[in-house]
Engineer: 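For reference, the structure I am asking about is given below.
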There are 2 protein chains.
Amino acid sequence: MEKQTVTIYDVAREAAVSMATVSRVVNGNPNVKPATRKKVLEVIDRLDYRPNAVARGLASKKTTTIGVIIPDVTNAYFSSLARGIDDIAMMYKYNIILTNSDENGGKEVQVLNTLMAKQVDGIIFMGNQVTDELREEFRRSKAPVVLAGSVDAEKTQPSVNIDYVAAVAEAVKNLIDHGNQKIAFVSGSMKQAINHDYRLKGYKKALKDAGIAYDDKLVFETDYTYKAGQSLEPALSAAGATAAFVGDDELAAGVMNGLTDAGVDVPGEFEVITSNDTKLTELVRPKMSSITQPLYDIGAVAMRLLTKLMNNESVDENTVILPYGLMKRSSTK
Amino acid sequence: MEKQTVTIYDVAREAAVSMATVSRVVNGNPNVKPATRKKVLEVIDRLDYRPNAVARGLASKKTTTIGVIIPDVTNAYFSSLARGIDDIAMMYKYNIILTNSDENGGKEVQVLNTLMAKQVDGIIFMGNQVTDELREEFRRSKAPVVLAGSVDAEKTQPSVNIDYVAAVAEAVKNLIDHGNQKIAFVSGSMKQAINHDYRLKGYKKALKDAGIAYDDKLVFETDYTYKAGQSLEPALSAAGATAAFVGDDELAAGVMNGLTDAGVDVPGEFEVITSNDTKLTELVRPKMSSITQPLYDIGAVAMRLLTKLMNNESVDENTVILPYGLMKRSSTK
DNA sequence: CTTTGATGTGAAAGCGTTTTCACTCTTGCG
DNA sequence: CGCAAGAGTGAAAACGCTTTCACATCAAAG
């Protein structure tokens with residue numbers, strides 16, 4: 001039953017060299033005579049020796065593992081980022097410990113602590129509600145932490161994002177240009193920096209530029225779920241809105257379908273523009289116009305940035321802003 | 001710059017006890033006098049001591065980490081399973097190393113090896129193409145491996161699934177009952193056991209039970225992507241099909257939208273039933289009828305099963321079959 | 001030849017825990 | 001009062017590697 005594990009010591013003995021030499025060939029250290037290398041490799045192959053990464057981690061203080069904190073893998077926006085992260089991580093020989101946080105502060109802190117206990121070499125954090133406690137943990141961490149697709153108003157951590165303010169402003173301006181005066185702002189919790197400090201700011205800016213008064217009756221704070229969006233219709237109509245900017249695609253799909261099901265024509269009577277350009281935008285009918293973001297790239301770049309930080313390479317810019325766009329589909333005129 | 005790490009030794013010194021005792025209180029070993037425990041806990045708190053999980057892993061040969069191999073996190077079916085896995089894992093104090101395999105045999109083997117090198121305590125594998133090489137790796141692994149939402153015709157590994165044959169048969173029967181004679185079978189690669197050995201079998205069974213001849217012109221093997229589905233319309237019509245069973249929701253959404261865009265009325269002229277009951281089924285219009293599966297639970301149960309295996313607990317049934325259902329929405333009559 | 005600077009190798013000290021084993025105290029009980 | 005049985009604790013040996021340091025060897029240069 002017990003599977004015998006062969007260690008570096010066994011290899012050394014069989015090959016009649018020291019552990020140090022075995023370690024050298026395993027790690028590709030050039031200071032080994034070709035003949036010796038060959039001999040060792042043969043033994044490694046014969047014994048089917050596989051280095052124990054845990055022991056290696058203890059000795060070298062590097063685990064080639066990074067922690068990824070994600071609100072919910074099930075959300076298309078975040079899973080797209082996660083894919084970018086994993087691909088680049090794999091490219092650089094890192095593995096990812098992935099944990100769902102539900103954007104719950106307590107859970108985030110706890111998870112962060114277990115990640116640090118596991119000696120991850122770096123951390124990628126997704127989530128828009130960076131509490132003071134969390135920030136304190138980031139600071140305490142000896143592993144670099146980068147935010148991906150997430151913002152913290154304090155801007156204390158390296159991060160990769162798009163310019164949310166400008167993107168939202170542009171999206172809302174688009175709606176205004178189509179003649180809409182009463183534009184709803186639909187998002188998740190206002191406790192999240194991305195909503196409160198960025199999107200809303202973009203929204204207000206667009207209104208102001210167009211000389212439209214801001215009316216908080218048109219601001220809808222809800223959950224990032226399809227159902228939440230779907231049940232928003234009565235309120236939206238009651239408020240007299242004729243268009244909406246929505247902060248999440250799933251939520252937007254809900255809003256749109258809720259409208260449609262209530263007999264409101266989209267985009268004829270009501271325009272909808274969403275934020276994340278996930279696959280969903282193409283699946284629903286009408287297809288949803290959206291701010292476009294290089295989702296995969298945000299994850300990929302964040303991971304790439306993290307590798308640099310982990311290697312203490314100099315980084316010219318700690319917060320990188322990727323380009324966004326606006327994709328007109330069929331939920332807007 | 002260097003963050004000083006405090007070790008168990010520091011705590012022992014400060015508390016004037018041995019490392020063994022500190023270890024005992026950290027691990028909740030009852031054989032410690034309350035007074036001693038209190039003293040140690042105070043020091044731990046004062047020094048902000050945090051046990052190094054890597055060292056712990058080396059000494060105890062347990063990492064409280066499990067490996068999860070997933071075809072693509074971005075796919076709603078798999079990410080739902082992943083969520084179930086992670087939640088239960090967290091409940092049992094495990095973390096997850098998540099890696100995307102793209103169902104690519106070579107990558108799977110490689111990933112499996114790095115997971116084993118990292119000494120994971122267990123592995124959950126998702127993917128339906130278990131090659132001989134892969135099977136061999138599973139066997140070689142000292143960590144238990146369970147398949148989640150995936151089947152291997154050889155049935156050599158513990159797994160958690162639904163009864164695909166029966167589910168598909170029922171779905172197809174439903175289509176037949178609506179008067180369809182030419183029912184397309186649309187799935188991913190036939191190299192995958194789930195398609196070739198399970199779904200197709202269910203499909204054939206339903207046809208046979210209804211006395212309909214099997215026609216391989218109605219079998220469409222394609223990718224699990226929206227685009228692939230969308231571009232299937234001409235072929236589907238050309239084959240004279242009036243209904244389709246589809247093996248993946250995203251693919252099904254593509255099929256359905258492709259049909260609709262080509263002016264075919266769903267479900268009036270063409271019925272579609274899909275397989276995974278992910279969120280997508282509710283987002284599209286018409287909403288898609290689907291086989292229902294307890295997605296989250298498949299992941300959760302797989303993880304629970306794995307914990308038992310890791311603890312060498314006796315397990316009454318190595319392959320657990322969860323109940324499925326059929327949800328009629330609007331893509332079928 | 002000797003010197004010098006690479007080049008190749010091994011011994012052994014960590015890395016931060018867990019765990020075994022032995023030992024010392026206490027208790028409870030006959 | 002004597003003794004067996006816990007209860008509580010510490011010393012030290014793992015765990016499987018990396019890395020430092022010292023040493024030996026060897027080829028090229030003087």
Side-chain angles (χ1 to χ4, degrees), chain A residues 2-41 43-44 47-65 93 114 116-121 142, chain B residues 2-41 43-44 47-65 93 114 116-121 142:
Chain A
E2 282 308 302
K3 318 232 176 178
Q4 189 52 51
T5 86
V6 4
T7 72
I8 200 173
Y9 177 77
D10 298 319
V11 176
R13 184 171 26 75
E14 288 290 307
V17 298
S18 70
M19 287 163 49
T21 298
V22 178
S23 176
R24 288 191 187 96
V25 351
V26 168
N27 293 298
N29 184 315
N31 282 12
V32 181
K33 216 194 305 185
T36 311
R37 179 186 308 282
K38 181 154 173 288
K39 187 173 58 175
V40 172
L41 285 175
V43 175
I44 286 179
L47 301 189
D48 192 28
Y49 165 68
R50 314 193 179 191
N52 177 324
V54 172
R56 216 202 279 241
L58 182 58
S60 69
K61 295 172 168 297
K62 296 209 171 308
T63 55
T64 62
T65 300
K93 314 276 190 203
T114 91
M116 287 164 52
K118 294 209 168 171
Q119 313 297 118
V120 295
D121 296 336
K142 57 182 158 190
Chain B
E2 283 308 302
K3 318 232 176 177
Q4 189 54 49
T5 86
V6 5
T7 73
I8 199 173
Y9 176 76
D10 299 319
V11 176
R13 182 169 29 71
E14 287 291 308
V17 298
S18 71
M19 288 163 49
T21 297
V22 177
S23 176
R24 287 191 188 96
V25 350
V26 168
N27 293 298
N29 183 316
N31 281 12
V32 180
K33 216 195 306 184
T36 312
R37 178 186 309 280
K38 181 154 174 288
K39 185 173 58 176
V40 172
L41 286 176
V43 175
I44 286 180
L47 302 188
D48 191 28
Y49 165 67
R50 314 191 177 194
N52 178 324
V54 173
R56 217 202 278 243
L58 182 59
S60 69
K61 294 174 169 297
K62 296 208 170 310
T63 55
T64 61
T65 301
K93 314 274 189 204
T114 91
M116 287 165 52
K118 294 211 169 170
Q119 313 297 117
V120 295
D121 296 336
K142 55 182 158 191

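In the text below, chain A, chain B and the rest are named by the order of the sequence lines, each starting its count at 1. Below, each value reflects all heavy atoms present in this structure, side chains not excepted, and no hydrogens, waters or symmetry copies.
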Engineer: So, for B/A12 and B/S18, which heavy atoms are closest and what is the spacing to 0.1 Å?
Structural biologist: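 In terms of heavy atoms, the two residues are closest at CB-C, 3.8 Å.
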Engineer: Which atom pair, heavy atoms only, marks the closest approach of A/I44 to A/V26?
Structural biologist: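 Answer, listing the atom of A/I44 first, then A/V26: CD1-CG2, 3.9 Å.
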Engineer: Measure the spacing between OG1 of A/T36 and CG of A/N31 and express it to the nearest 0.5 Å.
Structural biologist: 11.5 Å
Engineer: Going by salt bridge (charged side-chain N to carboxylate O under 4.0 Å, His left out), name the pairs with one or both residues in residues 17-39 of chain B, residues two or more places apart or in two chains.
Structural biologist: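 Every pair satisfying salt bridge (charged side-chain N to carboxylate O under 4.0 Å, His left out) with a residue in residues 17-39 of chain B: B/K38-B/E42.
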Engineer: Round to a whole Å and report the spacing from NZ of B/K118 to C1' of D/dC15.
Structural biologist: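 After rounding, the gap between these two atoms is 19 Å.
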Engineer: Minimum heavy-atom separation for A/V40 to A/V11, with atom names?
Structural biologist: CG1-CG1, 4.3 Å
Engineer: Atom CZ of A/R13 to atom P of C/dG10: distance rounded to whole Å?
Structural biologist: 15 Å
Engineer: What parts of residues 33-41 of chain B reach DNA chain D, counting only heavy atoms under 4.0 Å away?
Structural biologist: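 Heavy-atom contacts with DNA chain D come from B/K33, B/T36.
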Engineer: Rounded to whole Å, please give me the gap between CG in A/N31 and P in C/dG5.
Structural biologist: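 Roughly 18 Å, once rounded to whole Å.
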Engineer: Check the pair B/T64, A/K118 against side-chain hydrogen bond (donor to acceptor under 3.5 Å, both in side chains), reporting the backbone distance first and the verdict last.
Structural biologist: CA-CA 10 Å; B/T64 61; A/K118 294 209 168 171; 3.2 Å; yes
Engineer: If a protein heavy atom is under 4.0 Å from the base, mark B; if only from the sugar-phosphate, S; if neither, -; do that for nucleotides 16-27 of chain D going 5' to 3'.
Structural biologist: BBBBB-------
Engineer: Find out whether A/N52 and B/Q119 are in side-chain contact, i.e. whether some heavy atom of one side chain is under 4.5 Å from a heavy atom of the other.
Structural biologist: yes
Engineer: Determine the minimum heavy-atom distance between A/S23 and A/I8, stating which atoms define it.
Structural biologist: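 For A/S23 and A/I8, the tightest heavy-atom pair comes out as N-CD1, 3.7 Å.
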